[in-house]
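Everything numeric in this text was worked out from a predicted model, so none of it was measured. Atoms considered below: every heavy atom in the structure, side chains included; atoms not considered: hydrogens, waters and symmetry mates. Order of the sequence lines sets the chain letters (A, B, ...), proteins ahead of strands, with each chain counted from 1.
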Amino acid sequence: MTTFDAGDHRLTEVEPNVWELDRDDDSIPARVLASEALLEHIGDDMTLDQLRNVAAMPGVVAPALCTPDGHQGYGFPVGGVAAFDAEDGCISPGGVGFDINCGVRMVRTNLTYDDVRGREDELVDALFDAVPCGLGGGGVHDRSHADLEKALERGVDWCVEEGYATREDRLRCEDEGMRPDADPDAVSKKAKDRGTSQMGSLGSGNHFLEVQRVTDVYDDDTADAFGLVEDQLVVLIHCGSRGLGHQVCSDYLRRIEQEHPDFLASLPDRDLAAAPADSDLADEYYGAMCAAINFAWVNRQLVTHAVRETFADVFDAPDWEALEMDLLYDVAHNIAKRETHTVTRTGDGYSLGGDGERVERDLYVHRKGATRAFPAGHPEVPSAYRDVGQPVIIPGSMGAGSYVLKGGEQSMGRSFGSTAHGAGRLMSRTRAKDEYWGGDVQDDLRESDEIYVKAASGATIAEEAPGVYKDVDDVVGVSDALGIGDLVARTYPVCNVKG
DNA sequence: ATGTTC
């Protein structure tokens, strides 16, 4: 069998694109889903140490997984998929990430690339003015505490009532844009205070708002079901729960330290801080996390509302409906969810595959930098897409294409119904700023690639330069080859508002 | 990711 040596670890290719981490006989398998090319830098940082640690956590259901875009994160790798038994496992803020329900949505239009050519500057300026971005709460109209409470509790449902969303929008979000388990009372005042001044803002870092054109369609029938055709303009919105989600994560990491010090000490790494599944704190964190998830959906919806109004204005349409700016889909890629999966009972735990008694178990599935990718026929796929599979949106860097996939037939059996979430970073933000200067990157994109970028900060452009990311084509190629998320269409950037 | 250093 093919092996790959990465730093202190040896990986063995047990099936094409499936690499198992070296381990003791009695430990839980950990797997990297990747091509050999994507493994090139995986030994340079702590990614594989982190993956091995996740596989040693209480109640983990085999295997612990790293997606093709995976890299080092806080405790867990970004690109980590880990499922823990909901009865005797645990739930971990580090397995969700600081930016709770960071995610992406794609909005369709009936415009084509020709409609925008020559007007890119006008469009990107108008979008930049309409959508607050960058660090902090600048430019956002402060919401009332009552609005925030409703957003935390009801997500996109609240947006429907307020006229910021249609009922159809809500149906085209993962979980229909609302986690009913949200508990606003479990969100601290400090987190809420940060949220009230940030509702409807893009944020910073890798967050962006990008107008794109569809360049390739790989699966005609599914593209048709998704409403995508070549040359069509679409809008991709990538943002999360801003300071509110960050504060929720910080709050609960601290409470785990205070309230479960013995459990914390038993974990392989303190950054994996987790609450035991049967504890009150686990329920509280889950309620707070679900509320932050709802907040992020509201955030993306309010940005969508601003984008729709801006397009109607720029393209002289009576309203956004005339431009048919329907939501294709909204996916979360930093979440944990209580889901029921069919697993195999092993000696003292459970495994996703393998021979033995098959049972249904409730699991806390953590997808940190990973996208749900449920296949055709799954009851949680919206009825409009149920015959083809859940739309999966995978953005590339701002100089590369993005992809629309559909949940693949193999995803439930291979990856707890999950696939990759993006290109994956190749280097730290600090190193990126040494290697690139924002203004140069911006000029290159405009002159060489006809991509118009407008950003709140030049440093952010440097941190997010196309060269700091892996090749998204390789990432989606692995997903497609494994049958966990199948290629449907590719887009290419037209103009980009960067946080 | 992040009022970019609890």
With heavy atoms under 4.0 Å as the rule, sort [X] into base, sugar-phosphate or nothing.
{"X": "A:S241", "answer": "nothing"}
{"X": "A:G97", "answer": "nothing"}
{"X": "A:G240", "answer": "nothing"}

Exercise. Should A:E120 and A:K454 count as an ion pair when the cut-off is N to O under 4.0 Å?
Worked result: no
Round to the nearest Å and state the distance from [X] atom [atom1] to [N] atom [atom2].
{"X": "A:F98", "N": "B:dT5", "atom1": "CZ", "atom2": "P", "value": "12 Å"}
{"X": "A:K190", "N": "B:dT2", "atom1": "NZ", "atom2": "P", "value": "16 Å"}
{"X": "A:L135", "N": "B:dT2", "atom1": "CG", "atom2": "P", "value": "7 Å"}
{"X": "A:R429", "N": "B:dT2", "atom1": "CZ", "atom2": "P", "value": "9 Å"}
{"X": "A:Y74", "N": "B:dC6", "atom1": "OH", "atom2": "P", "value": "13 Å"}

For this session: Hey, could you give me each pair passing side-chain hydrogen bond (donor to acceptor under 3.5 Å, both in side chains) that has a residue in residues 48-62 of chain A? Not counting sequence neighbours.
Result: A:H9-A:D49
Exercise. A:G205 or A:K433: which one's nearest nucleotide on DNA chain B is closer to the 5' end?
Worked result: A:G205
For this session: Under the side-chain hydrogen bond (donor to acceptor under 3.5 Å, both in side chains) rule, collect the residues that match up with A:K337, sequence neighbours excluded.
Result: A:D175, A:E380
For this session: Identify, with sequence neighbours excluded, every residue that meets side-chain hydrogen bond (donor to acceptor under 3.5 Å, both in side chains) alongside A:N299.
Result: none
Seminar exercise, completed: Sequence neighbours excluded, the answer for side chain to side chain contact (heavy atoms under 4.5 Å, CB included) partners of A:T196 is A:L148
Seminar exercise, completed: Taken in chain and number order and not counting sequence neighbours, the residues that satisfy side chain to side chain contact (heavy atoms under 4.5 Å, CB included) with A:A277 are A:Y364
Exercise. Hey, can you pull the residues of residues 246-259 of chain A with a non-hydrogen atom under 4.0 angstrom from DNA chain B?
Worked result: A:H246, A:R254
